[in-house]
Asks: 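Handing you this structure, nothing more for now.
Just so it is clear, the values below take in all heavy atoms, side chains as well, and ignore hydrogens, waters and symmetry mates. None of the values given here were measured: they were computed from a predicted structure.
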Amino acid sequence: MCGTTCARICRTFVDDLTHKDRAILVHQRQRRGDESESVAELQLLVESAGAEICELMVGQRSSPDPATYIGKGKAQELREMVSRCGADFIVVNHDISPVQERNLERTVDCRVLDRTSLILDIFAQRAASHEGKLQVELAQLRHLSTRLVRGWTHLERQKGGIGLRGPGETQLETDRRLIGRRIKTLKRRLERVSSQRGLRRKSRHKVPIPTVSLAGYTNAGKSSLFNQLTGSDVFIADQLFATLDPTMRRLEVPGFGPVVLSDTVGFIRDLPHSLVKAFHSTLEEVANADLLLHVVDIGNSDRRECMHQVERVLADIGADEIPVVVVYNKIDVVGTAPRYECNAQGLPDKVWLSAQTGAGVDLLGHAISLQLGRYRRSYRIRLPARQGRLRAQLFQRGNVLREQIDAQGGWILDVEMSEATSNWMHRQREFDKSCVVESLPDLREAAGA
């Protein structure tokens, strides 16, 4: 008897561990056209949150219902669907108001999440760093502050008559005040984090190494490309928002030199403004980059709309003026050969590659070198034999095209470097009057010959 009871308890424990919340998806079309990509994206979001999809309801209205968003008839149909499949919650593929959310919950007798709440839940699961957790909590509290009334409908209201005057909405007001204080605290902490990021960015600018940032729609393969370029082991998975916290690594670009490569959070259509605002300090790394790599999933039939959504977010954070190389990833899936295309200035601005197999990654390195190299000037630098340390640093920070040994045992270097690197070189302690610097025309063709 005891063994049977223990076995039953163990089975129950295992079932609890393997249990997944069951969700019903609701999508309401408000315009004509194919919206299958939006529905498929919602399914990926729910799966990324760790839930199991049991039903899908698709409806169409010319405008949302003010009370329940989907209308009274659809709400009753949804109630029957919840009872039939035993759903734990409902996900609406739109942003709904607190009143619509509350009315719909009362009608279907089940928890209701809108698109923003679902994305916030996924971000809360993915956040690993201290900064990421602060950003997610701030976005969650901002979203929750308008929905507090739902959780306190049992409190007494003000009533007339002696002995019938209750405390009213005191608890609700207390919670709003506590949330307001917490939001202010989080803002102060994130301001300190942003200040620390600014100091680190300023220290990086003292050592003139350009920054290249990966941007793109979520699940486009940014982290896979980051690992392929840098040899890192950043977490990758076939799910939305697999990477949330930014990662930065040093990368040696052939024909150019060192750059700092950063991988940031992916974008998505209708990305909640609260998230963009909360992740401002993280997205500053994108806005302050010298070059953006816009990674696109070439196998996605809706890739043009995805690219448009990314461009909108880049414009929101002030990164729309930064030079961009569009990277069409996953060519191994569609069977396309690696290649690149150039713009009117002769600079490569489109590259086709596969981050999974590595095909075409060398072309991307060439594109980065040419894009960043256009800000460089050519110099002929004469260094005496005692300046070996400065010579080594020029090889690290510049692109040495040619080197010769003079009669005194010194070096004559033809170097391409940016103006910032040139200013840095003149500030070095080793640099003195014995070092001669001459400006030259572009030496790339001469070096190739």
Asks: Considering only heavy atoms from C-beta outward, does the side chain of Val212 approach that of Leu251 to under 4.5 Å?
Replies: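 Not in contact.
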Asks: Any donor and acceptor pair, going by atom type alone, linking the side chain of Arg249 with main-chain N or O of Leu261 inside 3.5 Å?
Replies: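 Checking the backbone N and O of Leu261 against the side chain of Arg249, no donor-acceptor pair under 3.5 Å is found.
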Asks: Do Met57 and Gln28 come within less than 4.5 Å of each other through their side chains, counting heavy atoms only?
Replies: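 With C-beta onward as the side chain, the pair stays apart.
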Asks: For Ile322, what residues pass the side-chain contact (heavy atoms from CB on, under 4.5 Å) criterion, not counting sequence neighbours?
Replies: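 Only Leu292, Ala319 meet the side-chain contact (heavy atoms from CB on, under 4.5 Å) criterion with Ile322.
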Asks: Excluding sequence neighbours, so at least two apart, what forms salt bridge (Lys or Arg N to Asp or Glu O under 4.0 Å) with Glu52?
Replies: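 Glu52 satisfies salt bridge (Lys or Arg N to Asp or Glu O under 4.0 Å) with Arg22 once adjacent residues are dropped.
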Asks: Distance-only check: which donor-acceptor pairs under 3.5 Å involve side-chain atoms of residues 344-351, not counting sequence neighbours?
Replies:
none

Asks: Is there a donor-acceptor contact under 3.5 Å linking the side chains of Asn227 and Ser224?
Replies: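 No, no side-chain donor-acceptor contact under 3.5 Å.
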Asks: Apply side chain to side chain donor-acceptor pair (under 3.5 Å) to Ser83 and list each qualifying residue two or more places apart in sequence or on a separate chain.
Replies: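 Ser83: no side chain to side chain donor-acceptor pair (under 3.5 Å) contacts found.
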Asks: Please report the C-alpha distance between Glu105 and Arg102 in whole Å, then the side-chain angles of each, then the deciding distance to 0.1 Å, and finally whether the salt bridge (Lys or Arg N to Asp or Glu O under 4.0 Å) criterion is met.
Replies: CA-CA 5 Å; Glu105 283 187 344; Arg102 184 167 63 252; over 6 Å; no
Asks: Report the distance from atom CD1 of Ile70 to atom OG1 of Thr107, rounding to the nearest 0.5 Å.
Replies: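 Interatomic distance, Ile70 CD1 to Thr107 OG1, rounded to 0.5 Å: 8.5 Å.
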Asks: Does Tyr217 offer a backbone N or O that forms a donor-acceptor pair with the side chain of Lys222 under 3.5 Å?
Replies: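 A pair under 3.5 Å: yes.
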Asks: Is the closest side-chain heavy-atom distance between Val82 and Asp109 below 4.5 Å?
Replies: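 Val82 does not reach Asp109 side chain to side chain.
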Asks: Where does the angle between the aromatic ring planes of His366 and Tyr340 fall among parallel (under 30°), tilted (30 to 60°) and perpendicular (over 60°)?
Replies: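 Tilted: the ring planes of His366 and Tyr340 meet at 30° to 60°.
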Asks: For Gln228, give me all partners under side chain to side chain donor-acceptor pair (under 3.5 Å), at least two apart in sequence or on another chain.
Replies: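 Expected list: none.
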Asks: For residues Val334 and Gly299, report the shortest heavy-atom separation together with the two atoms involved.
Replies: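 Answer, listing the atom of Val334 first, then Gly299: CG1-CA, 3.9 Å.
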Asks: Would you say the side chain of Val112 lies within less than 4.5 Å of the side chain of Val92, judging by non-hydrogen atoms?
Replies: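 Val92 vs Val112: side chains touch.
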Asks: Are the side chain of Ser195 and the backbone N or O of Glu191 linked by a donor-acceptor pair below 3.5 Å?
Replies: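 It does not hold such a pair.
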Asks: Identify, with sequence neighbours excluded, every residue that meets side-chain contact (heavy atoms from CB on, under 4.5 Å) alongside Val400.
Replies: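 For Val400 the side-chain contact (heavy atoms from CB on, under 4.5 Å) partners, ignoring immediate neighbours, are Phe395, Leu413, Val415.
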Asks: Apply side-chain contact (heavy atoms from CB on, under 4.5 Å) to Gln140 and list each qualifying residue two or more places apart in sequence or on a separate chain.
Replies: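 Residues passing side-chain contact (heavy atoms from CB on, under 4.5 Å) with Gln140: Leu120, Ala124, Val136.
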Asks: Output yes when a side-chain donor or acceptor of Asn103 lies under 3.5 Å from a complementary backbone atom of Ala67, and no otherwise.
Replies: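 Looks like yes, one N/O pair under 3.5 Å.
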Asks: For residues Leu225 and Leu214, report the shortest heavy-atom separation together with the two atoms involved.
Replies: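 Looking at all heavy atoms of both residues, the closest pair is CD2-CD2, 4.0 Å.
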Asks: I'd like to check the salt bridge (Lys or Arg N to Asp or Glu O under 4.0 Å) partners of Arg188; sequence neighbours left out, ordered by chain and number.
Replies: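 Listed in chain order: nothing, the list is empty.
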Asks: Could you list the residues that satisfy ring pair (Phe, Tyr, Trp, His ring centres under 6.0 Å) with His308, not counting sequence neighbours?
Replies: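 Here no residue qualifies.
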Asks: For residues His94 and Asp114, determine if any side-chain heavy atom of one lies less than 4.5 Å from a side-chain heavy atom of the other.
Replies: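 In short, these two side chains do not touch, never coming nearer than 4.5 Å.
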Asks: Specify the closest pair of heavy atoms between Ala87 and Cys110, including all atoms of both residues, with the distance to one decimal.
Replies: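 For Ala87 versus Cys110, the nearest heavy atoms are O-SG, 3.9 Å.
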Asks: Residues two or more places apart in sequence or in another chain: which of them pass side chain to side chain donor-acceptor pair (under 3.5 Å) with Asp302?
Replies: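 Asp302 satisfies side chain to side chain donor-acceptor pair (under 3.5 Å) with Arg269 once adjacent residues are dropped.
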Asks: Yes or no on side chain to side chain contact (heavy atoms under 4.5 Å, CB included) for Met81 and Ile90, after CA distance, side-chain angles and deciding distance?
Replies: CA-CA 10 Å; Met81 193 178 292; Ile90 296 167; over 6 Å; no
Asks: Would you say that Cys306 contacts Asp297 through its side chain, given a criterion of any heavy-atom pair below 4.5 Å between the two side chains?
Replies: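 A side-chain contact under 4.5 Å is absent here.
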Asks: Not counting sequence neighbours, which residues clear side chain to side chain donor-acceptor pair (under 3.5 Å) with Asp332? List them please.
Replies: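 So Asp332 forms a side chain to side chain donor-acceptor pair (under 3.5 Å) with Ser354.
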Asks: Is a side-chain donor-acceptor pair under 3.5 Å present for Gln309 with Glu305?
Replies: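 Checked: Glu305/Gln309 side chains pair up, N/O donor to acceptor below 3.5 Å.
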Asks: If the condition is side-chain contact (heavy atoms from CB on, under 4.5 Å), which residues does Ala315 pass it with, not counting sequence neighbours?
Replies: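 In terms of side-chain contact (heavy atoms from CB on, under 4.5 Å), with neighbours along the sequence ignored, Ala315 is linked to Asp320.
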